[in-house]
Amino acid sequence: MAFVQFSKVSLAFGDRDILKDVTVNLQKGTKAALTGANGAGKSTLIKVMAGLVNPDSGDRVAQKDARIAYLPQSGLTHHGCTLLEEADKAFEFGYELQRQIDEIGDELAKNPSNTNTLLERQSFYITQLEESGWHRRQALAESVLLGLGFKRSDFDRLTEEFSGGWQMRIALAKVLMTGPDILLLDEPTNYLDIEARNWLEQFLQNFPGGFLLVSHDRYFLDVTINEVYELFNGELKRYPGNFTHYEQVREVELKTLIAAYEQQQQEIHKLEDFINRFGYKATKAAAAQERQKMLDKILAQKIEIPESLKKIHFTFPPAPHSGRLVLRMNGITKSYDGKRNVLNNLEMILENGQRLVVAGRNGEGKSTLLRIIAGEDADFKGTSELGAGVKIGYFSQDNAETIKGSQTILEYLEDEAPLELIPKLRDMLGAFLFRGDDVYKSLDMLSGGEKSRVALLQLLLRPVNLLVLDEPTNHLDMHSKDVLLQALTDFGGTVIFVSHDRGFIEGLANRVLELKNGEYKYFPGDYQYYLSQVEGEKNEDPSQAQNSQVPSQSQSSQAASQKQSSAVTPTGEVDRSKLSYEEQKKLDAEKRKKEKEIAKAEELIAQLEEKKAALEAQMANPEVYSNGEKAKAVQAEIDKVSAEIDTATEAWEALVM
């Protein structure tokens, strides 16, 4: 069994201990998350595991030939070849194995004396090659690329044509395709939309090797991992179970520690107050010095707790009153090239208190729609009208560009905040990852991600009743997302938002608008309701499913939709009693035809698998494997049949979906 083990690994940067006697064992079947506060050293630990950073002390033991694949958070780019050619580089391990198999075949053809040793090595390499998926590399590459959101039309594009986020998707695809024994993934969902995240969840659930990943997406962790490693103050501790279970256990475990922490904080403040008040008075100097000694002793044993367990809560300024109707959109049509409509005749009514998530893959017009609603884009057809008394607050990643100057973060937000929120600013900044002296950073010194967090917090300080938020959870850790989610849940106004964080969506949305191929569908329920409806549509007859969930289209489309959906039950099944005789006949005929096609596809797959088994039996024959030319010919036939099986399986899957 492949494994990599780290024992008593330590690493320090200057006088700060990043890792202290860390011990961890990763092996086949490991499904683990690495958690800890920002700056705790998670990325550093993963780099140590990947062999990219040498620890100061400790042992790293890995099984011979164990393959470890590592994906960093960012910074990878690709150029000089097409997407498919770049993807094929992930299979270099297989090409090298095939070369060694061929060389052994050539040696066997010369009738050497050490035949048994060569045969054992060749058998080992053949097994490795088969398990790596190399023979199915083309189908695997296409499956992974499509799963991560690429289109077939992208396959022949040069890699340098893709943006930074898509460059990281290419890197993730290559890491997954290498078929490693151990996967180390640092924030793999950062650049994925929710559809690609769902695909990655399935991939990791079925992954036969072991993996350790860092992520700030609680839902993603809950459905992929079964153990959590927490890195805190340089020490690593293991917790069995999913991430939600870890949080529950950890909170109970630290109740006593939190109480002691709060008591210690009170004592520190009391001592500091005495020293500040009387330290310079001669009559109190001795007492102040004594208090200073006591304070130094406490600070030497200062209790620390994870940021995720520090309870921070804030509320928005009261939302100004508005009428029941918040937004009405009629016939919204938008095109960037005059050929393809990103939005096509969109109709929507939004009422006070609704929390609408706009769903859809990247490039489907989600951000465009939010810009139109916020009044940032006036180049469209149709009308967008706000209700009486509606005041919009709009956030997008572009807001960061407006934040500049020599002011500190704290000064900048104090100028923006209502008087009653100024005392809470330090806590609010802490919730948005500006802790300690970070609040004194000047605006011009901030990174793009830091500016985005300031822009989001700046928006939340203003009294508005319609929040339009484009990816508000980007650049936030899990704790910060929780604080923001609670504040938005308590918000007295209306929210329209886009997010790729499923847990955040499920916690906030009570309406869903799906954008797909220029069209739209409106779902008057939460995200789970939306998913159930989408799943139901997949199981419907195509002629019955079209437009079955679009209550806001034009009158003619709406009437057609109502007629088509009248025979569909809430569970997504067709109610035959509501179909005409001719419609029932057509439905039965299509069903019989599909069943025949499925049976035919299954028979073809069975025949091909029998053929492959026979060829593999030939390969085990000494007359074949000892003859280099014969072995190559049989292996080529096996590769051909394997490709035919992949094609036939894809066709079968398309039929049964």
Side-chain angles (χ1 to χ4, degrees), residues 314-334 343-359 365-396 399 416-421 455-470 472 484-499 504-505 507-515 520-527 529-530 549-555 557-558:
F314 71 90
T315 56
F316 295 106
H321 176 74
S322 70
R324 180 178 177 183
L325 177 66
V326 172
L327 174 68
R328 184 192 299 274
M329 307 189 83
N330 292 317
I332 300 296
T333 300
K334 172 73 177 182
L343 301 172
N344 187 34
N345 200 33
L346 185 145
E347 308 274 339
M348 183 174 69
I349 291 176
L350 195 68
E351 295 185 351
N352 193 9
Q354 292 181 344
R355 299 191 291 271
L356 175 76
V357 61
V358 184
K366 302 188 298 295
S367 294
T368 299
L369 176 60
L370 265 57
R371 284 197 299 271
I372 290 173
I373 292 171
E376 299 288 320
D377 185 346
D379 184 19
F380 62 91
K381 295 179 182 179
T383 60
S384 178
E385 300 174 354
L386 296 177
V390 174
K391 294 184 178 180
I392 287 184
Y394 172 58
F395 170 80
S396 76
N399 292 56
E416 297 281 330
L419 190 61
E420 65 272 16
L421 285 183
L456 178 59
L457 184 51
Q458 177 188 21
L459 170 65
L460 303 182
L461 296 173
R462 297 170 179 169
V464 298
N465 48 28
L466 173 58
L467 285 169
V468 181
L469 309 175
D470 192 357
L484 176 61
L485 176 59
Q486 187 60 55
L488 289 171
T489 302
D490 295 339
F491 177 55
T494 306
V495 183
I496 304 173
F497 70 103
V498 170
S499 176
F504 187 83
I505 295 172
L508 184 61
N510 58 22
R511 299 287 189 278
V512 180
L513 179 70
E514 181 190 63
L515 302 181
Y520 71 96
K521 291 183 181 181
Y522 177 79
F523 298 81
D526 61 16
Y527 197 69
Y529 170 80
Y530 159 70
Q549 296 292 334
V550 190
S552 303
Q553 291 180 328
S554 63
Q555 291 297 319
S557 298
Q558 187 175 21

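All residue numbers in this chain count up from 1 along the given sequence.
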Report task. Would you check if the side chain of Asn510 reaches a backbone N or O of Arg355 as a donor-acceptor pair within less than 3.5 Å? Result -> yes
So, for [X] and [Y], which heavy atoms are closest and what is the spacing to 0.1 Å?
X: Pro418; Y: Pro317; value: CG-CG, 4.0 Å
X: Leu369; Y: Leu346; value: CD2-CD1, 4.3 Å
X: Pro463; Y: Pro318; value: CB-O, 4.1 Å
X: Val464; Y: Lys391; value: CB-O, 3.4 Å

Check whether any side-chain heavy atom of [X] lies under 4.5 Å from a side-chain heavy atom of [Y], and answer yes or no.
X: Leu484; Y: Phe504; answer: yes
X: Met348; Y: Leu327; answer: yes
X: Val495; Y: Val357; answer: no
X: Ile332; Y: Asn345; answer: no
X: Leu515; Y: Leu343; answer: yes
X: Leu350; Y: Arg511; answer: no

Report task. Show the numbers, then the answer: is there a side chain to side chain contact (heavy atoms under 4.5 Å, CB included) between Glu347 and Tyr522? Result -> CA-CA 9 Å; Glu347 308 274 339; Tyr522 177 79; over 6 Å; no
Query - Criterion side chain to side chain contact (heavy atoms under 4.5 Å, CB included) on Asn352 and Asn465, from CA distance to verdict - result: CA-CA 9 Å; Asn352 193 9; Asn465 48 28; 5.9 Å; no
Query raised in the report: Which is it for Leu467 and Leu488 under the side chain to side chain contact (heavy atoms under 4.5 Å, CB included) test, yes or no, and what are the steps along the way?
Result: CA-CA 9 Å; Leu467 285 169; Leu488 289 171; 3.7 Å; yes
Supply the atom-to-atom distance [X] [atom1] to [Y] [atom2], rounded to the nearest 0.5 angstrom.
X: Gln354; Y: Thr494; atom1: CD; atom2: OG1; answer: 7.0 Å
X: Leu370; Y: Asp377; atom1: CG; atom2: CG; answer: 11.5 Å
X: Leu466; Y: Leu386; atom1: CG; atom2: CG; answer: 7.0 Å
X: Ile373; Y: Arg371; atom1: CD1; atom2: CZ; answer: 11.5 Å
X: Asn330; Y: Glu385; atom1: CG; atom2: CD; answer: 6.5 Å
X: Leu469; Y: Phe395; atom1: CG; atom2: CZ; answer: 8.0 Å

Requested in this report: Using the test ring-ring contact (aromatic ring centres under 6.0 Å, His included), find all partners of Tyr527 that sit at least two apart in sequence or belong to another chain.
Outcome: Tyr530
Query raised in the report: Would you call Glu351-Arg324 a salt bridge at under 4.0 Å N-O?
Result: yes
Report task. Test Phe497 against Val468 for side chain to side chain contact (heavy atoms under 4.5 Å, CB included), laying out the working first. Result -> CA-CA 6 Å; Phe497 70 103; Val468 181; over 6 Å; no
**Report entry** side chain to side chain donor-acceptor pair (under 3.5 Å) involving Ser367 - partner list, sequence neighbours excluded
**Finding:** Asp470
